[in-house]
Q: 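One structure, as structure tokens, below. Some questions next.
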Amino acid sequence: MTVARSLVLFVVAALAEIGGAWLIWQGVREHRGVLWIGAGIVALGAYGFVATLQPDPNFGRILAAYGGIFVAGSLAWGVVVDRFRPDRWDLLGAAICLVGVAVIMYAPRGR
């Protein structure tokens with residue numbers, strides 16, 4: 001149950017952070033305006049709160065693991081939202097990052 005909760009929280013955090021950054025990008029680079037930028041700032045703030053809900057108490061571990069989620073999630077966002085087509089190297093890099101997430105977060109540790 002703890003692993004499942006952690007994975008759901010990583011997905012929610014990715015949607016908040018990547019979505020927030022995308023909204024700011026749209027507001028500034030695509031000239032969509034201050035409301036898009038404001039929504040992005042709110043989403044980025046939500047990301048910070050979601051990360052605190054992870055069951056592991058170690059900030060560094062959570063943020064390091066989330067880095068791998070961010071890499072893979074950013075590519076997935078690009079595919080779905082911006083019609084980006086990752087090449088095999090993008091996919092390999094994302095897979096390596098996700099293996100890193102699994103090792104950092106879910107490897108058995110002595111207590």
Q: Can you give me the closest heavy-atom contact between Ile24 and Leu44, atom names plus distance?
A: CD1-CD1, 3.5 Å
Q: Considering non-hydrogen atoms only, spot the tightest contact between Val71 and Cys97 and give its length.
A: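 Minimum heavy-atom separation between Val71 and Cys97: CG1-SG, 3.7 Å.
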Q: Please enumerate all residues that pass ring-ring contact (aromatic ring centres under 6.0 Å, His included) together with Phe10, with sequence neighbours excluded.
A: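 For Phe10 there are no ring-ring contact (aromatic ring centres under 6.0 Å, His included) partners, ignoring immediate neighbours.
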Q: Using the side chain to side chain contact (heavy atoms under 4.5 Å, CB included) criterion, which residues pair with Ala94? Sequence neighbours excluded.
A: Ala72, Leu75
Q: Could you give all pairs that pass the salt bridge (charged side-chain N to carboxylate O under 4.0 Å, His left out) test and reach residues 49-76, with sequence neighbours left out?
A: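 Of all non-adjacent pairs touching residues 49-76, those that pass salt bridge (charged side-chain N to carboxylate O under 4.0 Å, His left out) are Asp56-Arg61.
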Q: Got a sec, which pairs hit salt bridge (charged side-chain N to carboxylate O under 4.0 Å, His left out) with one end in residues 62-74, sequence neighbours left out?
A: none
Q: Do you reckon Val28 sits in the same ILVMFWY cluster as Ile41, going by side-chain contacts under 4.5 Å, direct or chained?
A: yes
Q: Atom OH of Tyr106 and atom OG1 of Thr2: how far apart are they, to the nearest 0.5 Å?
A: 10.0 Å
Q: Please list, chain by chain and in numerical order, all residues satisfying ring-ring contact (aromatic ring centres under 6.0 Å, His included) with Tyr47, sequence neighbours excluded.
A: Tyr66
Q: Could you note down all residue pairs passing side-chain hydrogen bond (donor to acceptor under 3.5 Å, both in side chains) where residues 86-105 supplies at least one of them, sequence neighbours left out?
A: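 Sorted pair list comes back empty.
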Q: Between Ile69 and Val3, is there shared hydrophobic-cluster membership here, with clusters defined by ILVMFWY side-chain heavy atoms closer than 4.5 Å?
A: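 Yes, because Ile69 and Val3 connect within a single hydrophobic cluster, where side-chain heavy atoms sit under 4.5 Å apart.
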Q: Return each pair, listed once, that meets salt bridge (charged side-chain N to carboxylate O under 4.0 Å, His left out) where at least one residue sits in residues 91-108; pairs must be two or more places apart or across chains.
A: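 Not a single pair qualifies under salt bridge (charged side-chain N to carboxylate O under 4.0 Å, His left out).
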Q: Would you list the pairs meeting side-chain hydrogen bond (donor to acceptor under 3.5 Å, both in side chains) in which at least one residue belongs to residues 28-40, sequence neighbours left out?
A: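 Residue pairs passing side-chain hydrogen bond (donor to acceptor under 3.5 Å, both in side chains), neighbours aside: Gln26-Arg32.
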Q: Taking all non-hydrogen atoms of both residues, which atom of Val103 and which atom of Arg109 are closest, and how far apart?
A: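 Taking every non-hydrogen atom into account, O-NH2, 4.1 Å.
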Q: Are any of the side-chain heavy atoms of Ile37 and Leu23 separated by less than 4.5 Å?
A: no
Q: What closest approach, in Å, do Pro86 and Val79 show between heavy atoms, and which atom pair accounts for it?
A: CD-CG2, 3.4 Å
Q: Quick one: list whatever passes salt bridge (charged side-chain N to carboxylate O under 4.0 Å, His left out) with Arg5, sequence neighbours left out.
A: none
Q: Using every non-hydrogen atom in the two residues, find where Ala65 and Ile104 come nearest and quote the distance to one decimal.
A: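 Where Ala65 meets Ile104 most closely, the heavy atoms are CB-CG2, 3.9 Å.
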Q: Please find the pair of heavy atoms, one from Gly73 and one from Ile18, that lie closest to each other, and give the distance.
A: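 Reported closest heavy-atom pair: C-CD1, 3.4 Å.
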Q: Does a sphere of radius 6.0 Å around CZ in Phe84 hold more than 12 heavy atoms from other residues, nucleotides or ligands, not counting ones at 6.0 Å or beyond?
A: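 It does: Phe84 CZ has more than 12 such atoms within range.
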Q: Applying side-chain hydrogen bond (donor to acceptor under 3.5 Å, both in side chains) as the test, list every pair that has at least one member in residues 71-80; sequence neighbours left out.
A: none
Q: Going hydrophobic residue to hydrophobic residue with side-chain gaps under 4.5 angstrom, can you get from Val11 over to Met105?
A: yes
Q: Output the distance between atom OG1 (Thr52) and atom CG (Leu9), rounded to the nearest 0.5 Å.
A: 9.0 Å
Q: Say whether Ile96 and Val99 are linked into one hydrophobic cluster, either directly or through other cluster members, by side-chain heavy-atom distances under 4.5 angstrom.
A: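 Hydrophobic grouping puts Ile96 apart from Val99.
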Q: Give me the other members of the hydrophobic cluster that Leu91 sits in, counting Ile, Leu, Val, Met, Phe, Trp and Tyr linked by side-chain heavy atoms under 4.5 Å, directly or via other members.
A: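 For Leu91, no cluster forms, as it stays isolated from other hydrophobic side chains.
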Q: The criterion is side chain to side chain contact (heavy atoms under 4.5 Å, CB included); which residues satisfy it with Val8, sequence neighbours excluded?
A: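 Val12.
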Q: Can you tell me if Trp25 has over 12 outside heavy atoms packed within less than 6.0 Å of its CH2?
A: no
Q: State plainly whether one hydrophobic cluster holds both Leu15 and Trp22, where clusters connect Ile, Leu, Val, Met, Phe, Trp and Tyr through side-chain heavy atoms under 4.5 angstrom apart.
A: yes
